[in-house]
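Quick note: residue numbers are just sequence positions, from 1.
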Amino acid sequence: QVQLVESGGGLVQAGGSLRLSCAASGAFYSINDMGWYRQVPGKERELVATITKNSNTKSADSVKGRFTISRDNAKNTVLLQMNSLKPEDTAVYYCNAVIIKGFFSAPANYWGQGTQVTVSS
């Protein structure tokens, strides 16, 4: 019933920018951590950036200074602003959220379906 809806992926030239957005919808009690991960075919899914409910952030060294994660708790949304994109940023980007579905429910990971980001050289 809970869904993460992503938008903003696409094709961009090296040095360009994209902004990814992910909104949680459905019935749930609370959203804790949110984040973005990416995956290249044949490789393990890797963390890009995460953000807590109190807006504490972490990001991978490979994107520091270029990507910025933020969230809007009123809209149940997490954003990823991607600047100075490089060809090696090409991947499927997945939204992640730790959600408590009900008052007595345990936290659980939810994933978006992924959005393709392609950076041309």
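- One hydrophobic cluster, built from ILVMFWY side chains closer than 4.5 Å, cannot hold both M82 and L79; they sit in different ones.
- The cluster map of Ile, Leu, Val, Met, Phe, Trp and Tyr, joined by side-chain heavy atoms under 4.5 Å apart, puts V48 and V117 in the same cluster.
- For the pair D89/R66, a side-chain contact is recorded, criterion being any heavy-atom separation below 4.5 Å from C-beta on.
- Among residues two or more places apart in sequence or in another chain, the salt bridge (Lys or Arg N to Asp or Glu O under 4.0 Å) test is passed with R45 by none.
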Identify each donor-acceptor pair in which a side-chain atom of residues 106-115 lies under 3.5 Å from a protein atom, sequence neighbours left out, and give them as a table.
residue	atom	partner	partner atom	Å
N109	OD1	N96	ND2	3.4
T115	OG1	G9	N	3.4

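- Between A97 and L4, the closest heavy-atom pair is N-CD1, 3.8 Å.
- For CD of Q3, the number of neighbouring non-hydrogen atoms (other residues, nucleotides, ligands) closer than 6.0 Å is 12 at most.
- Taking CD1 from I31 and CD1 from I99, the interatomic distance works out to 5.0 Å, rounded to the nearest 0.5 Å.
- Within the structure, ring-ring contact (aromatic ring centres under 6.0 Å, His included) contacts touching residues 40-95 (residues at least two apart or in different chains) do not occur.
- Pairs of residues two or more places apart, or lying in two chains, never qualify as side chain to side chain donor-acceptor pair (under 3.5 Å) while including a residue from residues 19-36.
- Residues Y37 and L85 fall into different hydrophobic clusters, defined by Ile, Leu, Val, Met, Phe, Trp and Tyr side chains chained together at heavy-atom separations under 4.5 Å.
- In terms of modelled atom types and a separation under 3.5 Å, the side chain of N54 and the main chain of N56 share no donor-acceptor contact.
- Residues T50 and M34 fail the side-chain proximity criterion, which asks for heavy atoms closer than 4.5 Å.
- Atom OG1 of T118 and atom CD of Q13 lie 13.0 Å apart (nearest 0.5 Å).
- The backbone N or O of K75 lies less than 3.5 Å from a partner atom in the side chain of T77, making a donor-acceptor pair.
- A donor-acceptor distance shorter than 3.5 angstrom exists from the side chain of T90 to the backbone of V119, with no hydrogens or angles considered.
- By the side chain to side chain donor-acceptor pair (under 3.5 Å) test, E46 is found to be paired with R38, residues two or more places apart in sequence or in another chain being considered.
- The side-chain contact (heavy atoms from CB on, under 4.5 Å) test applied to S121 returns P87, not counting sequence neighbours.
- For residues 22-111, every residue pair satisfying the disulfide (SG to SG under 2.5 Å) rule, not counting sequence neighbours, is listed here: C22-C95.
- Counting Ile, Leu, Val, Met, Phe, Trp and Tyr side chains that sit under 4.5 Å apart, directly or through other members, V98 stands alone, with no cluster partners.
- Scored by the side chain to side chain donor-acceptor pair (under 3.5 Å) test, E88 finds no partners at all (sequence neighbours excluded).
- Nearest heavy atom pair, residue K43 against residue Q39, reads O-NE2, 3.1 Å.
- The closest side-chain heavy-atom distance from R71 to K53 is below 4.5 Å.
- Legend: side chain to side chain donor-acceptor pair (under 3.5 Å) pairs involving residues 78-87, not counting sequence neighbours, sorted by first then second residue: S17-N83, Q81-N83.
- Contacts of Q1 classified as side-chain contact (heavy atoms from CB on, under 4.5 Å), with partners at least two apart in sequence or in another chain: A27, K101.
- In this view, D61 and K64 satisfy the side chain to side chain donor-acceptor pair (under 3.5 Å) rule, not counting sequence neighbours.
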Could you go through the side chain to side chain contact (heavy atoms under 4.5 Å, CB included) check for I69 and V78 one step at a time?
CA-CA 7 Å; I69 189 169; V78 61; 3.8 Å; yes
